[in-house]
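Since the structure is predicted, the reported quantities are computational estimates derived from the model, not experimental observations. First the proteins, then the strands, lettered A, B, ... as listed; each starts at 1.
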Amino acid sequence: MKGRKNKVNPSNKVKHRKKYFESTKNRKKLLTTINFILLAMGSLLILSPVWWMISTSLKTMAEVMAYPPTFFPSKWNWQNYVRTWEAAPFNLYTINTVTITFLVVVGSVIVNSFIAYGFAKIPFKGKNILFALVLSTMMIPGFVTLIPQYVLFSHLQWVNTYYPLVIPSFFGSAFFIFLLRQFYMTIPNELIEAAKMEGASHFYIWRKIGMPLTKPALATVAIFSFNGAWNDFLGPLLYLNNENLYTLQLGLQVFKGQMSTQWNYLMAGSLLVLLPVIVLFFIFQKYFIQGINLQSGNK
Amino acid sequence: MSKKLFTNKQKEGLQGYIFILPWLVGFVVFTAGPLLFSFGASFSDYNVTSQMDFVGLDNYKTLLTDDQLFWTSLYNTFYFVLFSVPLTTLGAILLSALLNQDVPGMRFFRTIYYLPAILSGVGVYLLWMQLLEPGTGMVNTVLSWVGISGPNWLYDPNWTKPSLILMKLWSVGGSMLLYLASMQGVSKSLYEAAEMDGASRWKQFIHITIPMITPVIFFDIVTSLIGGFQIFQEAYVMSGNGDGGPVNSMLFYNLYMWKKAFETFDMGYAMAMSWILFIIVFIITIFNLKMAPRWVHYEGEEK
Amino acid sequence: MVISKKVFLLFLIAFLTLSGCAGFKTSNSKEAETNGEGKVVVNFWSFWGSEIRRPVIEKIVEDFNKSQDKIEVKHTFVPWGDIWTKELAAIAAGNPPDVVINDINGTALRGMKNQAMNLSGFLDKDDISERFYPELWKATLYEDESYGIPFNTDTRVLFYNKDAFKEAGLDPEKPPTTWAELEEYAAKLDKKNGDTYETMGFYPLFGVESDVWMLNANGKNFFDVDGNPNIHNKENVETLNWINSWKDKYGDNTINAFKSQIDSQQGNPFFNGKLGMFVNTPTFYTQIRDYAPDLNFGVAKLPERTEGSGNTSWGGGFVAEIPEGSKNSDEAWEFIKYLTDVEAQEYWAVKNFDNVANIEASEKAAQNKDMSEKDQLVYQMAVDNMEHTLLTPVPTYAPDFMGLIKPEIDSILLGKKSAEQGLKDGQSAVERLIEKNKK
């Protein structure tokens, strides 16, 4: 193909183009290599703060505070991780956090896609106004409703339980509704019309067409909501009074003192808390990497 | 076929309401009450525990005419949004483009770039405070390797906001996820056709990829704007327990609101502040929505 | 997402079992008024979760619980800072904890806003006000009624390196007593290598901030007894100019470098003689004990600005308060009485090397046999310094005045404004604030 172009474009262009790049295959290889190098360099930059966390977590407090600071711990104190885990009932906190997170993710993925489909593909009166209302709820700074909501939950007897942390995700969240709605709107209307012709209800269309076609978006919602729940600090802080209901993020606070912070344990703890999220992300990548052909009309 | 009790259109409309019912219920039960309360309280001198007398528009008047910190915090917030939103959006798009290729080790790269987005919590902010130490922090150390003498990041009022923008850029991998998911949905046949017409990779990117992912770009811009205006946690932790940094350079709108609410207990005043912010963000979002049809391309719609 | 039916069922079962777990019992929400044994439960929140402090407070709680059989105190750790947001929300909802540790300087404000319970009723029956340092007691009063009982406090003292003094030809038993002497001694302790300082004699903003020096300058707070702001005055201007002169002498680079070392704790240049004098809380001694046990150091009062102006130091502290709306306030009071009595206070003081509010406990702690001789020396100094220590309660009519003052001070110290101008602007800004709040 490139050869054809050469014949069409006269001499000056030929002079400026190295023959090596005429081959598409070689061009691709070069681009890939450049890409790889860029990504690798970027990775180093991105990872350096993370390395700092890891290195800090393996130092003794004395070394953490040493001046000038060292890049590598002189001795790799793996027992820091053990001591961190023992500093508070983290096993219990893990179970608590898993429970809450699991419920939040299930609720978020199912309910939000349900609601978003409604906003994206079903015409009904007042849709635009209601959607604007949904968006508006994102614009209110969270802690202005903090106290009134707390009072509300208190009247419902939900303080010191997991209900305030879990139940709202079964009623949709503006962020995810908006996100999924954008994805749903990329589904061609012809598909929907075709299904309706055959007598399908929207519920059926949602389950059999809408959900499968937006798998990458659903995976994204799953990851985001998992993150949100796993790392949620304010919710558990406000609503949980019993220490044996505490979650991981709350548990990490024991390392942060009024006078000084136990850096090494705090970093170790933060990394441990982080681990499940990374693992899940790594494993489930394929769900938003699978190519889905919308235009080919195969569905 | 169907009973003539409702027309087909009405039946469809009914289905629509059923679909959004969960959100409606949730809104009415959990959100509307507190929202209305906060709206009402903004016209009072509510302080949570001892008073709630009607004061009319006093709070709003004071904010707009007699509160220099209101304007300071608004300026700080606009500054942050103006820089961080375009930079992070562009960054995320470019990053996703790079990560959407068949490069060996892609899984690892994606995980690495996504890492900062899930590192959340106070630990990370404290970490960055260490990294930004002018004398010994890693940032300035690395800069010195390329011959740049780094500024007093968190101590120089001119550099505090750029520090936060830098931190935001580090976690640009978060929105990368969205773009990746979206780019995956672009049909390969489009690229193949373009390839056959001799379009370069760059041209393909500009003329196929970008237009097809505009719905998500739109989402990202709108949510980043909304989120950017609400920046709080970073400034709270990194300016010494929320005092707003040197010369109030990190006194963002939400931080100022927080201080008014939880340090001086002027809850009514703080709620008035939140509604002003709401109006600002609302106007900006409406503007975005109106401009959207000009550049956002929904494949499935005729719009 | 594609999950096989089996996996989904597994999850469902897990969920159903988990849902039986404590997290979903709404009965949790009603804090038990009495526990199974008929004792009244007192909910006590503190932010002391560290390895050092938590066991101490837990032991105090345990001792109280064992000492009687009518009340059971339940201690919960809530993170520093957020604990008070949570407390506020709980008060608003009408089910607050019964005892909370809160900052002493905000007590009057919280009293005014009805967040903390008025303790006069309890004090009429058990007047324990005499137990505490008068300055601390005063800070808990709003309209002459107390809203919190002082628990612990701190002060600021001057640590100095006796060996470095000797080396520089200064008398190690005679620390500087005035600002002028401070400058003079620091100059003698400085050691330069060409243009860089290898040893700094002293820098006023290491360990404390400028407001401590302004307090020291004239023994007066930013507000006088009638509530008028007293920010722009001769002594404050002089103080800020004085601090700037130190800044100009050493230069930003030196200061930043030394500051990083100080922040690193173990690498504090005071420990290896690179910093001659250092102001900090008496608890700093525990760091000397841990990181530089052989250091030959002395502790002294803060110097006076000029002879006779007073060795005023600054202190903060915490109170134990009963949030408004607590259902077990009588029992909460019993616990607070114990918490601030000699036995608990002395235990806290010795284990944490912390200044406590109870006068008798402080003095006993200084003689406590668990303290080494050096410990006792420093502790006694800390106790003695209470005489010169002032608190700075937040003014109820302008609670966030610092937000207006601090940027001015920042500008002054960055050289962007003159001290005269900056303080003047701060003064007028605060006056405006007070006017506004009067409405």
Side-chain angles (χ1 to χ4, degrees), chain A residues 32 35-36 38-39 43 46-50 52-53 68-69 111 114-115 117-118 122 124-125 135 137-141 144-145 147-149 152 168 171-172 178-179 182 185-189 202 216-217 220 227 231 233 249 266 270 274 277-278 281-282 285 288-289 291-296, chain B residues 12-13 15-17 19-20 22-23 25-26 30-31 33-35 37-38 48 98 101 103 107 109-116 118-121 123 127 131 136 138 170 177-178 180-181 184-185 187-189 198 215-216 219 223 226 230 254 257 271 274 277-278 281-282 285 298-301:
Chain A
T32 312
N35 200 346
F36 184 84
L38 277 176
L39 284 177
S43 299
I46 296 284
L47 282 181
S48 24
V50 182
W52 189 261
M53 279 181 87
V111 177
F114 188 71
I115 299 173
Y117 178 80
I122 308 180
F124 57 89
K125 260 177 106 175
L135 284 187
T137 60
M138 273 201 284
M139 303 182 213
I140 319 263
V144 141
T145 46
I147 301 240
Q149 266 190 341
L152 171 70
F171 287 90
F178 187 18
L179 173 63
Q182 296 302 95
M185 286 181 81
T186 63
I187 298 178
N189 277 344
H202 274 297
T220 310
N227 268 354
N231 287 329
F233 175 69
Q249 281 288 343
L266 180 62
S270 303
L274 187 61
V277 191
I278 302 179
F281 177 79
F282 194 76
Q285 268 193 49
F288 30 78
I289 300 320
I292 295 183
N293 250 322
L294 283 176
Q295 300 306 102
S296 65
Chain B
E12 200 178 16
Q15 286 192 57
Y17 285 120
F19 267 83
I20 66 167
W23 182 79
V25 172
F30 298 122
T31 321
L35 271 183
F37 179 82
S38 105
V48 184
L98 283 179
Q101 315 290 338
V103 174
R107 261 203 180 192
F109 278 129
R110 287 193 192 124
T111 313
I112 289 174
Y113 282 94
Y114 188 61
L115 216 49
I118 42 181
L119 275 174
S120 81
L127 171 73
L131 297 175
T136 59
M138 214 179 59
W170 177 64
L177 208 60
L178 288 172
L180 270 183
Q184 286 298 313
S187 161
K188 294 236 183 325
S189 55
V216 172
F219 171 80
T223 49
I226 295 179
Q230 300 194 21
N254 257 16
M257 202 191 322
M271 287 176 173
S274 75
L277 183 69
F278 172 78
V281 178
F282 190 74
T285 308
Y298 294 111
E299 191 57 25
E301 304 286 309

**OP:** Please state whether the side chain, the backbone, both or neither of A/Gln149 comes within less than 4.5 Å of a heavy atom of chain B.
**Re:** both
Subject >> Heavy-atom proximity to chain B below 4.5 Å, by part of A/Leu39 >> reply: both
Original post:
Could you go step by step and tell me if A/Phe281 and B/Leu115 meet the side-chain contact (heavy atoms from CB on, under 4.5 Å) rule?
Top reply: CA-CA 9 Å; A/Phe281 177 79; B/Leu115 216 49; over 6 Å; no
Original post:
Which of the residues B/Tyr113, B/Phe30, B/Tyr17 is involved in the greatest number of heavy-atom pairs with chain A at under 4.5 angstrom?
Top reply: B/Tyr113
Original post:
Where does B/Leu127 contact chain A at under 4.5 Å (heavy atoms): side chain, backbone, both or neither?
Top reply: both
**OP:** Using modelled atom types only, decide if a donor and an acceptor are shared between the side chain of A/Gln182 and the backbone of B/Phe219 within a distance under 3.5 Å.
**Re:** no
**OP:** Sort B/Gln15 into side chain, backbone, both or neither according to what part of it lies under 4.5 angstrom from a heavy atom of chain A.
**Re:** both
Original post:
Considering all heavy atoms of both residues, which atom of A/Pro49 and which atom of B/Trp170 are nearest to each other, and what is their separation?
Top reply: CG-NE1, 3.5 Å
Original post:
Within the distance-only criterion (no hydrogens, no angle test), does the side chain of A/Trp52 pair as donor or acceptor with the backbone N or O of B/Leu131 below 3.5 angstrom?
Top reply: no
Original post:
Can you list the steps and then say if A/Phe178 with B/Ile226 is a side-chain contact (heavy atoms from CB on, under 4.5 Å)?
Top reply: CA-CA 13 Å; A/Phe178 187 18; B/Ile226 295 179; over 6 Å; no
Original post:
Just by modelled atom types, is the A/Ile278 backbone N or O under 3.5 Å from a matching donor or acceptor in the B/Tyr114 side chain?
Top reply: no
Original post:
Which answer fits B/Phe37, side chain, backbone, both or neither, if we ask what part of it has an atom under 4.5 Å from a heavy atom of chain A?
Top reply: side chain
Original post:
A/Asn35: what forms a side-chain hydrogen bond (donor to acceptor under 3.5 Å, both in side chains) with it, not counting sequence neighbours?
Top reply: none
Original post:
When only pairs under 4.5 Å are counted, which of B/Met138, B/Met257, B/Arg107 shares the most heavy-atom pairs with chain A?
Top reply: B/Arg107
Original post:
Between B/Phe282 and A/Ile140, is a side-chain contact (heavy atoms from CB on, under 4.5 Å) present by the stated rule, with each step listed?
Top reply: CA-CA 10 Å; B/Phe282 190 74; A/Ile140 319 263; over 6 Å; no
Subject >> Heavy-atom proximity to chain A below 4.5 Å, by part of B/Thr111 >> reply: both
Subject >> side chain to side chain contact (heavy atoms under 4.5 Å, CB included) partners for A/Val111, two or more places apart >> reply: A/Ile115, A/Phe170, B/Pro22
Subject >> Portion of A/Phe233 that has a non-hydrogen atom of chain B nearer than 4.5 angstrom >> reply: neither
Original post:
Is it true that B/Phe19 and A/Phe124 have ring centroids separated by less than 6.0 Å?
Top reply: no
Original post:
Do the side chain of B/Gln230 and the main chain of A/Met138 share a donor and acceptor less than 3.5 angstrom apart?
Top reply: yes
Subject >> Among the listed options B/Leu98, B/Asn254, B/Thr285, B/Leu178, the residue most often paired with chain A at heavy-atom distances under 4.5 Å >> reply: B/Leu98
**OP:** Heavy atoms only, distances under 4.5 angstrom: which of B/Leu35, B/Val216, B/Leu277 has the most pairs with chain A? Name it, please.
**Re:** B/Leu35
Original post:
Rounded to the nearest 0.5 Å, what separation is found between the OG atom of B/Ser38 and the CD1 atom of A/Ile147?
Top reply: 12.0 Å
Subject >> Best-contacting candidate, A/Tyr117, A/Phe36, A/Phe282, against chain B by heavy atom pairs under 4.5 angstrom >> reply: A/Phe282
Subject >> Close side-chain approach of A/Ile46 to B/Phe109, heavy-atom, < 4.5 Å >> reply: no
Original post:
Which atoms of A/Thr137 come close to chain B, meaning under 4.5 Å heavy atom to heavy atom: side chain ones, backbone ones, both, or neither?
Top reply: side chain
